[in-house]
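Just so it is clear, the model here is predicted, and its values are computed rather than measured. The sequence lines fix the lettering, A, B, ..., with proteins before strands; numbering per chain opens at 1.
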Number of protein chains: 2
Amino acid sequence: MEEKKTTTRAAERALDILLCFVGKPELAMREIVEKTELSKSTVFRLLATLETKGFVKRDADTEKYSLGFRIWELANHINRSDDPAILFLPEMERLRDEIDETVSLYVRDGLERVRIQAVESQQAIRRVAPIGARLPLSVGASSKVIVAYTEGDLLGKVLSDPMWPSGIDRDLYIKQLQEIRTQEYAISMEEREAGTSAVSVAIHSRAGNLIAALVLSGPISRMNEEQMIQYVPRLVKAAEEMGKLV
Amino acid sequence: MEEKKTTTRAAERALDILLCFVGKPELAMREIVEKTELSKSTVFRLLATLETKGFVKRDADTEKYSLGFRIWELANHINRSDDPAILFLPEMERLRDEIDETVSLYVRDGLERVRIQAVESQQAIRRVAPIGARLPLSVGASSKVIVAYTEGDLLGKVLSDPMWPSGIDRDLYIKQLQEIRTQEYAISMEEREAGTSAVSVAIHSRAGNLIAALVLSGPISRMNEEQMIQYVPRLVKAAEEMGKLV
DNA sequence: GTTATTTGTTTCACCAGATGAAACGTCGTT
DNA sequence: AACGACGTTTCATCTGGTGAAACAAATAAC
């Protein structure tokens, strides 16, 4: 099971309301109620909270809400010139819009991978993709992409990690890495989580360094092996476009 | 008593954590705990919430937190070219830093004034200033500035408003407006809230229209009448600088 | 080396804050 | 006038948010 950090529901809901404005810059309260599927009174209270802190404002004439100055103020404190999560977002969205499956971006951190960016499918049944989620490099398509393309003895470290899962064959893992280097993509089907499958490719910088793993994932009912292989050229193309940015 | 909207504490706390990054773009968890004065575990959970939604990220090496790509994404959906709350913020901050009292910006909405922007004093005892707060135009320094400089029969409407407070003399109000037009500032001392005082001037656009009322407010122990009058030239100068922007 | 300190992570008992249904208020339409 | 849509307020309910404390890990001090 994907690592599930303890979060605070009320705070999450407030943030979800902010995210409503990505799709439409001005919203009536009714629209936010529909988008979030929360009760009117909950939305009303959360909007009041957001307004009090300057994160949304309400237009006096139209009475619609829009994002407030605080967002702009905070944005001025971001160093975004080199953040892949920011640079790659448009291309990820384009890919998601083209295929309508969840697109994620993982980077390596020690012996783990971290999801640093995600755009979710808009279908009712979708792969949910919490940012900041961490997973060991022993399982999953993107783990193998990361290990396959990382220079140095990362593979040795992963294989000798005391946390290596007991049900996974090290020799098979090594063989899969070799296949990935040949075919340039990795596939996983229910390898880590029942009912889900994923296909992953590497994003390289112009200098040839591995930047991140790009992953397309969804329910296995929609993404069988054949379908995922058909998606690979599009994934590779998107990865190349992203690589040009860094 | 200033209108107090029902807010959601947990959501407020999450937003307050975001605001910590205005002062410093990279923060350890300990620093956020100190700034917010919340318990470690609460901060930890709220940071996890913010990270899951992409509003903060954690650097793998330094393990410090900073703002995430979502802020940038949302900022791209703001129309900020003409928002006084955004345009005037730097000058308000400069004034606050110079005097270390709370600076607020009010605009008129019907027979009310609305606080659309505020930067608070950093002293332990300060005027708190929730954005979005609404007050009738019958009381307070900025109300009188707004009424004094609004063309048309706003004064007539305010005086005949059924909600006019029973303890306030209409003739005195009219007289005060005339003084304000002469001296170009308004002062209030415990007029609306015990222990607080305020001095206000008008911000006019280059075309001469009233844009907003600029207010400096704080505890009456620090801001007596004499002190407020001494602040007026600085307030007027700041208002002129702001007026040049619109 | 051991011990102390600091920082971050997890646990869990407690209760008040978050919730949503429903009532209410306002405005526009018929 | 009645009705519907939208936003605002009320209030009973209960679970989710909380913080103290334990725990874990890393670093500093001795």
Colleague: Given the ring of F55(A), does R70(A) sit roughly above its face, with NZ or CZ under 6.0 Å from the centre of the six-membered ring and within 45° of the axis?
Modeller: no
Colleague: Could you tell me the separation between the CG atom of L46(A) and the P atom of dG16(D), rounded to a whole number of Å?
Modeller: 15 Å
Colleague: Among dG8(C), dG20(C), dG7(D), find the nucleotide with the atom closest to the side chain of A28(A).
Modeller: dG7(D)
Colleague: P25(A) and H77(B): which non-hydrogen atoms are nearest, and at how many Å?
Modeller: CB-O, 4.0 Å
Colleague: Whole-Å distance between dA18(C) C1' and I17(A) CD1?
Modeller: 13 Å
Colleague: Can we say E26(B) and K64(B) salt-bridge, meaning some charged N sits less than 4.0 Å from an Asp/Glu carboxylate O?
Modeller: no
Colleague: Set out, in order, the CA-CA distance, both residues' side-chain angles and the distance that settles side-chain hydrogen bond (donor to acceptor under 3.5 Å, both in side chains) for R115(A) and S104(A), then state yes or no.
Modeller: CA-CA 7 Å; R115(A) 189 188 279 116; S104(A) 302; 3.2 Å; yes
Colleague: In this structure, how many angstroms lie between the C1' atom of dG16(D) and the CZ atom of R9(B), rounded?
Modeller: 11 Å
Colleague: Between A10(A) and F44(A), which has a closest nucleotide on DNA chain D that is more 5'?
Modeller: F44(A)
Colleague: Should D16(B) and K35(B) count as an ion pair when the cut-off is N to O under 4.0 Å?
Modeller: no
Colleague: Taking CD from E37(B) and P from dG19(D), how many angstroms apart are they, rounded to a whole number?
Modeller: 12 Å
Colleague: Quick check for you: among dG20(C), dG17(D), dG7(D), whose closest atom lies nearest to any side-chain atom of S41(A)?
Modeller: dG20(C)
Colleague: Whether R13(B) contacts dG19(D) is assessed here as follows: a side-chain N or O lying under 4.0 Å from the phosphate OP1 or OP2. Is that the case?
Modeller: yes
Colleague: To the nearest Å, give me how far apart CD (E34(B)) and C1' (dT7(C)) are.
Modeller: 11 Å
Colleague: In whole Å, I'd like the distance from the CD atom of E63(A) to the C1' atom of dG28(C).
Modeller: 13 Å
Colleague: Quick check: on DNA chain D, is the nucleotide nearest S39(B) upstream (toward 5') of the one nearest R45(A), or the reverse? Name the residue that is more 5'.
Modeller: R45(A)
Colleague: Taking the minimum atom-to-atom distance to the side chain of M29(B), which one of dT18(D), dG8(C), dG20(C) wins?
Modeller: dG8(C)
Colleague: Between R58(A) and dT8(D), does any side-chain N or O lie under 4.0 Å from OP1 or OP2?
Modeller: yes
Colleague: Which one, dT9(C), dG20(C), dG8(C), comes nearest to the side chain of Y65(B)?
Modeller: dT9(C)
Colleague: Name the closest nucleotide to the R30(B) side chain, picking from dT7(C), dT19(C), dT18(D).
Modeller: dT7(C)
Colleague: Grab the CD-C1' distance between E51(A) and dT8(D) for me, whole Å please.
Modeller: 14 Å
Colleague: Between atom CG in L38(B) and atom P in dT18(D), what is the gap in whole Å?
Modeller: 8 Å
Colleague: Which of the following nucleotides, dG7(D), dT11(C), dT7(C), is nearest to the side chain of K40(A)?
Modeller: dG7(D)
